[in-house]
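None of these values were measured; they are calculated from a predicted model. Only heavy atoms go into these numbers, but all of them, side chains included; no hydrogens, no water, no symmetry mates.
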Amino acid sequence: MASRSSVSLSLSFFLDLLCYLELCSCFYPKHLNLSAVGTHWSTAGATWYGSPDGAGNDGGSCGYGNAVSQSPFASFVTAIGPSLYKSGKECGGCYQVKCTKHPACSGKAVRVVITDFCGGGPFAPESAHFDLSGTSFGAMAIPGQEAKLRNAGVLEVQYARVACDYPGRNIAFHVDQGSNPNYLAMVVEFEDGDGDLAGVDVKEGSGEWRAMQQSWGATWKLDTGSELHPPLSLRLTSQYSG
């Protein structure tokens with residue numbers, strides 16, 4: 001398990017928390033209900049935003065911050081319309097997208113991760129819409145024709161839900177800056193396998209599991225009303241594999 005924290009608090013509680021926060025063994029092995037290669041393809045619209053070779057923006061509505069431009073995302077990310085965003089439950093989910101109907105399209109599938117939300121405008125009448133980062137959009141092009149494809153406007157693309165694959169990594173999260181001994185909030189940045197999160201539970205030592213609430217995007221919280229005592233364990237539930 002990979003863990004990191006962006007907080008610098010003097011409370012020894014958080015030092016203990018970061019040392020002892022662990023995943024429940026039921027999380028492993030990696031979920032296999034989703035294939036790493038697209039098999040069931042559907043049609044969607046696609047645009048791009050941000051800089052031509054960028055990550056769209058820093059973080060987006062899922063709350064990943066500047067991690068979107070770093071490994072393992074490496075700017076291959078996308079904002080997604082309401083039908084697939086599912087109020088943030090699909091944050092971290094992986095899709096393959098490809099285009100074939102523009103002369104600059106390579107037909108090659110590109111894997112992207114949901115890190116942001118888009119809605120309104122040209123997205124509304126479509127069953128699904130991907131507002132891709134400039135990096136992701138250009139990757140669908142024939143080499144050397146990235147700029148031509150980015151100038152195409154709204155593209156028709158094919159998409160398929162796939163498993164996330166982060167070689168050598170399983171999960172990463174960081175504790176929210178507003179956390180304290182009575183309140184825990186964290187962003188689950190990426191999860192190998194299914195990628196999405198339908199639920200997150202936490203327990204102290206050998207105690208009972210307690211459900212965390214989705215705060216927004218990929219941020220989950222637990223307001224206990226009493227002090228938490230590490231070690232803490234996390235249990236992650238996927239919409240696909242449970």
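Trp216 does not carry Lys221 over the face of its six-membered ring by the limits of under 6.0 Å from the centre and within 45° of the normal.
With hydrogens and angles ignored, the 3.5 Å screen pairs a side-chain donor or acceptor of Glu204 with a backbone N or O of His229. Between the side chain of Gln145 and the backbone N or O of Pro143 there is no donor-acceptor pair closer than 3.5 Å. Using modelled atom types, one side-chain atom of Ser133 and one backbone atom of Ser136 make a donor-acceptor pair closer than 3.5 Å. Judged purely by atom type and a 3.5 angstrom limit, Ser69 has no side-chain atom pairing as donor or acceptor with the backbone of Ala55. At least one donor-acceptor pair closer than 3.5 Å links the side chain of Asn182 to the backbone N or O of Glu227. Side-chain atoms of Arg111 do not come within 3.5 Å of backbone N or O of Cys164 as any donor-acceptor pair. Of the possible donor and acceptor atoms, one in the side chain of Arg161 sits under 3.5 Å from a partner among the backbone N and O of Cys94. Looking only at distances, no side-chain donor or acceptor of Thr78 sits under 3.5 Å from a matching main-chain atom of Val113. Under a 3.5 Å cut-off, the side chain of Trp220 and the backbone N or O of Ala185 do not form any donor-acceptor pair. Under the 3.5 Å distance criterion, the side-chain polar atoms of Arg210 are left unmatched by any main-chain donor or acceptor of Leu222.
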Run Lys98 and Tyr159 through side-chain contact (heavy atoms from CB on, under 4.5 Å) and show every step you take.
CA-CA 7 Å; Lys98 61 183 178 180; Tyr159 72 94; over 6 Å; no
Test side-chain contact (heavy atoms from CB on, under 4.5 Å) applied to Leu149 and Met140, step by step
CA-CA 8 Å; Leu149 188 63; Met140 294 190 298; 4.0 Å; yes
Step by step, work out the side-chain hydrogen bond (donor to acceptor under 3.5 Å, both in side chains) result for Thr43 and Gln158.
CA-CA 5 Å; Thr43 302; Gln158 300 294 306; 3.1 Å; yes
Mind running side-chain contact (heavy atoms from CB on, under 4.5 Å) on His129 and Ile80 for me, showing each step along the way?
CA-CA 6 Å; His129 190 92; Ile80 202 78; over 6 Å; no
Between Met186 and Asp176, does the side-chain contact (heavy atoms from CB on, under 4.5 Å) criterion hold? Intermediate values first, please.
CA-CA 5 Å; Met186 65 179 64; Asp176 187 82; 5.9 Å; no
Checking Phe130 against Tyr95 for the ring-ring contact (aromatic ring centres under 6.0 Å, His included) test, could you report, in this order, the C-alpha distance in whole Å, the side-chain angles of both residues, the deciding distance, and whether it holds?
CA-CA 10 Å; Phe130 289 78; Tyr95 283 82; 5.6 Å; yes
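Distance check, rounded to the nearest 0.5 Å: OG of Ser87 to CZ of Phe117 gives 8.5 Å. Expressed to the nearest 0.5 Å, how far OG of Ser75 lies from CG of Leu132 amounts to 12.5 Å. Atom CG of Leu234 and atom CE of Met212 lie 7.0 Å apart (nearest 0.5 Å). For the atom pair OH (Tyr183) and CG (Leu228), the distance works out to 12.0 Å, reported to the nearest 0.5 Å. Here the SG atom belonging to Cys99 is positioned 12.0 Å from the NZ atom belonging to Lys108, to the nearest 0.5 angstrom. Atom CG of residue Leu184 and atom CG of residue Asp223 lie 10.5 Å apart, to the nearest 0.5 angstrom.
When all heavy atoms of Ala46 and Val157 are compared, the closest pair comes out as CB-CG1, 3.6 Å. Here the closest heavy-atom approach between residue Arg150 and residue Phe137 is recorded as CA-CE2, 3.7 Å. Between Ser83 and Ala128, the shortest heavy-atom distance links the atoms OG-CA, 3.7 Å. In plain terms, the two heavy atoms of Ala79 and Tyr49 that are nearest each other are CB-OH, 3.9 Å. Minimum interatomic distance between Lys101 and Glu156 (heavy atoms only, all atoms of both residues): NZ-OE2, 3.0 Å.
Using a 4.5 Å heavy-atom threshold, the side chains of Arg235 and Val200 count as separate. Put simply, the side chain of Val77 does not reach to within 4.5 Å of the side chain of Val112, judged on heavy atoms.
Side-chain atoms of Thr219 and Gln214 include no donor-acceptor pair closer than 3.5 Å. Looking only at atom types and distance, the side chain of Ser61 has a donor-acceptor partner in the side chain of Tyr85 under 3.5 Å away. Looking only at atom types and distance, the side chain of Asp116 has no donor-acceptor partner in the side chain of Tyr64 under 3.5 Å away. A side-chain donor from one of Asp131 and Thr47 sits under 3.5 Å from a side-chain acceptor of the other.
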